[in-house]
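In this chain, residues are counted from 1 in sequence order.
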Amino acid sequence: AWVERRLDDTRPPPVGDALGKMHRRRAGPLGRAIADVAAAAVAGTGVALADVSTVVGSSIGEAATLVRLLEQMWRGAAPVSPADFTVSVH
């Protein structure tokens, strides 16, 4: 689907079960997908995910939130959401 530039509706959305409840609620689709991939990678090792120290970072935060904030600023149609900004920088 990616090569053909089309959405694959047959795949379930990322869940992010490896994240804690609060982080899962705040994470976007990309963050949840990264957590799902990390959990799947560790699952085949025989090591408990809780015993693996993992840090994932991004210089731009959640991409969808960044684009939405920039678009709001560029268009000037609506003030930037304080809630979106707060969860985009942590």
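Rounded to the nearest 0.5 Å, atoms OG1 (T65) and CG (L30) are 10.0 Å apart. Here the CZ-CE distance, from R24 to M22, works out to 11.5 Å after rounding to the nearest 0.5 Å.
In this structure, P29 and P14 approach most closely via the heavy-atom pair O-CG, 3.3 Å. For the pair G16 and A35, the tightest heavy-atom approach, listed with the atom from each and the gap, is CA-CB, 4.1 Å. Nearest heavy atoms, A27 versus L19: CB-CD1, 3.9 Å.
Not counting sequence neighbours, the partners of R68 by the salt bridge (Lys or Arg N to Asp or Glu O under 4.0 Å) test are D84.
Grouping the Ile, Leu, Val, Met, Phe, Trp and Tyr side chains by contacts below 4.5 angstrom, directly or via other members, places V42 apart from V37. Using a 4.5 Å cut-off between side-chain heavy atoms of Ile, Leu, Val, Met, Phe, Trp and Tyr, with links allowed through other members, L66 and V80 fall into the same hydrophobic cluster.
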